[in-house]
Every structure is written in structure tokens, then in C-alpha cells.
K.L.:
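Got a structure for you, written out below as C-alpha cells; questions coming shortly.
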Amino acid sequence: MIELIVQPVGRTRPEDAVFVGSEIAKHFPVRLSAVPSMWPLQPPASAYDWSRMQYRADEVNAWLHRNLEPLLKGGRLALGLVGADAYVPGLNFVFGLADPNLGVATVYTARLESEDHGKYLGRLLKESVHEVGHLLGLGHCSNRSCVMSFSNSLEDVDLKSAYFCDDCKLKLRSLHPSD
């Protein structure tokens, strides 16, 4: 079974981690157990780019790995829900970033927010499933309704499903046959 820690970071509400932790496993065709942490961590000031008013997503992932390293033993994975905006060099922003080598992914909630709380939670779940999909070995999918399709805008996030297409389900099952 794949074990996932859902970690709130910054101004993310702990109940968002509880929501993702309770819903995410329902979207995977392999056995996944998600455990939300109730104690938010504060993101490192060293990863903040004051000129852009955004965090460097790769630096936040490395920091999260260092902070959760004892908990990641045995192949556990971590998903950070970060209440901020972020980027990686070459992109204006990212909704999330996964680093399979570290076993850590992050989702950045600032651009996912909506006055409609249900819409926000749907976006949060889709991007969480997407990033964990990357941690488990999937790339981006050309099927625009698949959760693994690349999102370059909120419209892209809203249009895709929170579920894997049949091809991505098969890939996940072949990558993780005993899970």
C-alpha cells in the first residue's frame, strides 16, 4: 500500500488537509492510504522571491523533504498543501510541483481559491491527485479530461476531471501492481 502524508504549509487550513486526506484515495486505481497532518508548517523565507512575490516551488519541495524526512522512511510520500503562490524558473506560476526523487509534491492554493468553496475544494483535489500521480510515475496526459492533463489556467483545472483516464489507470496499475 502507498502511504501519503498530507501536510498543510503556511496559511492553508488544516481542514483542507483533512478533506484531501479523506478524498484522494478514492481517485486512485491502486491502494493508497492518506494521513493528514494537523500541524501546519511555515514555509521557509529563504525560498521566497521578493521581486516576484512568489515561492520557488523546487526549494519548497526540498525544504519539505528535509522537514519530513524521518516520516518518509520506508517509501512514504508527502503532499504539501501550501497557502501561497509559487513558480519554477521558466514559468510564471505553478499550481503544483512533484519531485519523485524526493517523494514530495506540493500544491499551491493561492491561484485555486474561489468565492465558491466547493469549486475551491474541487480544484484542490484535482491538483492534489495530479501531483501525487507524478510522484507515482505518471507524466502529463494528452486526454484533456484526465486529471493528469497539464493545466496552464484555472479554466484548464475546472474543465478536467478529478479522475484518471483509462490509459493512466493502466499505467498506474502496471507501475504499482501490488499496491
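Scope of the values below: all heavy atoms of this structure, side chains included, with no hydrogens, waters or symmetry mates.
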K.L.:
Quick one: closest heavy-atom pair of Ala86 and Gln54, and the distance?
P.N.:
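For Ala86 versus Gln54, the nearest heavy atoms are O-NE2, 3.5 Å.
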K.L.:
Taking the side chain from Ser128 and the backbone from Val20, do they hold a donor-acceptor pair closer than 3.5 Å?
P.N.:
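Pair absent, no side-chain N/O of Ser128 close to backbone of Val20.
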K.L.:
Look at the side-chain heavy atoms of Ile, Leu, Val, Met, Phe, Trp and Tyr, link any pair under 4.5 Å apart, and say whether Leu71 and Leu81 land in one connected group.
P.N.:
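As far as the 4.5 Å side-chain criterion goes, Leu81 and Leu71 are not connected within one cluster.
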K.L.:
Kindly compute the distance separating NE2 (His140) from SG (Cys146), expressed to the nearest 0.5 Å.
P.N.:
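Rounded to the nearest 0.5 Å, the NE2-SG separation comes to 10.0 Å.
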K.L.:
Any side-chain to backbone donor/acceptor pair from Lys126 onto Val157? Under 3.5 Å, distance only.
P.N.:
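Looks like yes, one N/O pair under 3.5 Å.
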K.L.:
Verify the cluster assignment for Val104 and Tyr108: are they in a single hydrophobic cluster under the rule of side-chain heavy atoms below 4.5 Å apart?
P.N.:
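Looking at the clustering, Tyr108 is in the same group as Val104.
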K.L.:
Applying side-chain hydrogen bond (donor to acceptor under 3.5 Å, both in side chains), name anything that partners Tyr163, two or more places apart in sequence or on another chain.
P.N.:
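Expected list: none.
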K.L.:
Both conditions, 6.0 Å and 45 degrees, for the charged tip of Arg111 above the ring of Phe95: are they met here?
P.N.:
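No, Arg111 does not sit over the ring of Phe95.
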K.L.:
Would you say that Leu41 contacts Leu64 through its side chain, given a criterion of any heavy-atom pair below 4.5 Å between the two side chains?
P.N.:
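A side-chain contact exists here, since the closest heavy-atom pair is under 4.5 Å.
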K.L.:
Roughly how far, to the nearest 0.5 Å, is the OG atom of Ser149 from the CG atom of Asn143?
P.N.:
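So the gap between those two atoms works out to 7.5 Å.
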K.L.:
Which residues pass the salt bridge (charged side-chain N to carboxylate O under 4.0 Å, His left out) test with Arg13, not counting sequence neighbours?
P.N.:
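For Arg13 the salt bridge (charged side-chain N to carboxylate O under 4.0 Å, His left out) partners, ignoring immediate neighbours, are Glu15, Asp16.
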K.L.:
Leu135 and Ala105: which non-hydrogen atoms are nearest, and at how many Å?
P.N.:
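Shortest heavy-atom contact: CD1-CB, 3.8 Å.
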K.L.:
I would like to know whether Leu32 and Ile24 meet side chain to side chain contact (heavy atoms under 4.5 Å, CB included); could you show each step before the answer?
P.N.:
CA-CA 8 Å; Leu32 179 98; Ile24 197 166; 3.8 Å; yes
K.L.:
When you compare the side chain of Phe19 with that of Leu125, does any pair of heavy atoms fall below 4.5 Å?
P.N.:
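Yes, close enough: below the 4.5 Å cut-off.
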K.L.:
Under 3.5 Å, side chain of Gln7 to main-chain N/O of Trp39, donor-acceptor pair present?
P.N.:
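Looks like yes, one N/O pair under 3.5 Å.
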K.L.:
Please enumerate all residues that pass salt bridge (charged side-chain N to carboxylate O under 4.0 Å, His left out) together with Arg52, with sequence neighbours excluded.
P.N.:
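Salt bridge (charged side-chain N to carboxylate O under 4.0 Å, His left out) list for Arg52, sorted by chain: empty.
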K.L.:
Run the ring-centre check on Phe93 versus Tyr87 and record whether the distance is less than 6.0 Å.
P.N.:
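Centroid distance Phe93-Tyr87: not below 6.0 Å, so no.
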K.L.:
Could you report the tightest heavy-atom contact between Ala47 and Val60, atom names first, then the distance?
P.N.:
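Closest heavy-atom pair between Ala47 and Val60: CB-CG2, 4.0 Å.
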K.L.:
Please round to the nearest 0.5 Å and tell me the distance separating atom CG of Asp166 and atom SG of Cys168.
P.N.:
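Here the interatomic distance stands at 9.5 Å.
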K.L.:
Would you compute the distance between atom CD of Glu131 and atom CG of Asp99 and round it to the nearest 0.5 angstrom?
P.N.:
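It comes to 11.0 Å.
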K.L.:
Would Leu121 and Val9 show up in the same hydrophobic cluster when neighbours are defined by side-chain heavy atoms closer than 4.5 Å?
P.N.:
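Not linked; separate clusters.
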K.L.:
Spell out, as yes or no, whether a donor-acceptor pair under 3.5 Å connects the side chain of His27 to the backbone of Ala162.
P.N.:
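At least one qualifying donor-acceptor pair exists.
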K.L.:
Just jot down the side-chain hydrogen bond (donor to acceptor under 3.5 Å, both in side chains) partners of Ser46, sequence neighbours excluded, or say none.
P.N.:
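Listed in chain order: nothing, the list is empty.
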K.L.:
Can you tell me how far SG of Cys141 sits from CZ of Phe164, rounded to the nearest 0.5 angstrom?
P.N.:
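Between Phe164 CZ and Cys141 SG, I get 10.0 Å after rounding to 0.5 Å.
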K.L.:
Between Arg76 (side chain) and Glu3 (backbone), is there a donor-acceptor pair under 3.5 Å?
P.N.:
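No; zero donor-acceptor contacts below 3.5 Å.
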K.L.:
Less than 4.0 angstrom from a charged side-chain N to a carboxylate O is my criterion; do Glu127 and Lys160 meet it?
P.N.:
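So Glu127 pairs with Lys160 through a salt bridge.
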K.L.:
Main chain of Met1, side chain of Arg31: is a donor-acceptor contact present, judged purely on distance under 3.5 Å?
P.N.:
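A pair under 3.5 Å: no.
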K.L.:
For a 4.5 angstrom cut-off between non-hydrogen side-chain atoms, does Val147 reach Ser161?
P.N.:
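Side-chain contact under 4.5 Å: no.
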K.L.:
Could you go through the side chain to side chain contact (heavy atoms under 4.5 Å, CB included) check for Leu79 and Ile5 one step at a time?
P.N.:
CA-CA 6 Å; Leu79 173 66; Ile5 298 164; over 6 Å; no
K.L.:
For Glu155, look at atom CD and say whether over 12 heavy atoms of other residues, nucleotides or ligands are found less than 6.0 Å away.
P.N.:
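No, the 6.0 Å shell around CD holds no more than 12 heavy atoms from other groups.
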K.L.:
Cluster question for you: counting only ILVMFWY and a side-chain heavy-atom cut-off of under 4.5 Å, with indirect links fine, are Leu72 and Val132 together?
P.N.:
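No.
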K.L.:
For Ala62 and Leu102, work out which heavy atoms get closest and say how close.
P.N.:
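For Ala62 versus Leu102, the nearest heavy atoms are CA-CD1, 3.9 Å.
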K.L.:
Indicate the atoms forming the closest heavy-atom contact of Leu138 with Lys171, along with that distance.
P.N.:
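It is CD2-CB, 3.6 Å.
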K.L.:
To the nearest 0.5 Å, how far apart are CG in Leu77 and CG in Leu68?
P.N.:
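The CG atom of Leu77 sits 11.5 Å away from the CG atom of Leu68.
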K.L.:
Applying side chain to side chain contact (heavy atoms under 4.5 Å, CB included), run through Val107 and Leu124 and close with a yes or a no.
P.N.:
CA-CA 8 Å; Val107 171; Leu124 179 63; 4.0 Å; yes
K.L.:
Hey, mind stepping through Leu136 and His176 against side chain to side chain contact (heavy atoms under 4.5 Å, CB included) and telling me if it holds?
P.N.:
CA-CA 8 Å; Leu136 296 179; His176 303 277; 3.5 Å; yes
K.L.:
Of all residues at least two apart in sequence or in a different chain, which pass the salt bridge (charged side-chain N to carboxylate O under 4.0 Å, His left out) check with Lys26?
P.N.:
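By the salt bridge (charged side-chain N to carboxylate O under 4.0 Å, His left out) rule, Lys26 matches Glu23.
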K.L.:
Only pairs at least two apart or in different chains count here, so list each ring pair (Phe, Tyr, Trp, His ring centres under 6.0 Å) that has a residue in residues 59-79.
P.N.:
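Residue pairs with at least one partner in residues 59-79: there are none.
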K.L.:
Taking the side chain as C-beta and beyond, is there a heavy-atom pair between Ser145 and Cys165 under 4.5 Å?
P.N.:
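No - every pair of side-chain heavy atoms lies 4.5 Å or more apart.
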K.L.:
Kindly indicate whether the side chain of Phe28, heavy atoms from C-beta on, has any atom under 4.5 Å from the side chain of Leu172.
P.N.:
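Phe28 vs Leu172: side chains touch.
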K.L.:
Between His134 and Ala98, which heavy-atom pair has the shortest distance, and what is it?
P.N.:
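Closest approach of His134 to Ala98: CB-CB, 3.5 Å.
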K.L.:
Taking atom types as modelled, is there a side-chain donor on Ser114 or Asp116 under 3.5 Å from an acceptor on the other?
P.N.:
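Side-chain D/A pair, Ser114 to Asp116: absent.
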K.L.:
Group every Ile, Leu, Val, Met, Phe, Trp and Tyr by side-chain heavy-atom contacts under 4.5 Å, then state whether Met53 and Leu97 land in the same group.
P.N.:
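In one cluster: yes.
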K.L.:
Could you check whether Arg56 pairs with Asp49 (Lys NZ or Arg NE/NH1/NH2 to Asp/Glu carboxylate O, under 4.0 Å)?
P.N.:
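Not counted as a salt bridge, because no side-chain N and carboxylate O are separated by less than 4.0 Å.
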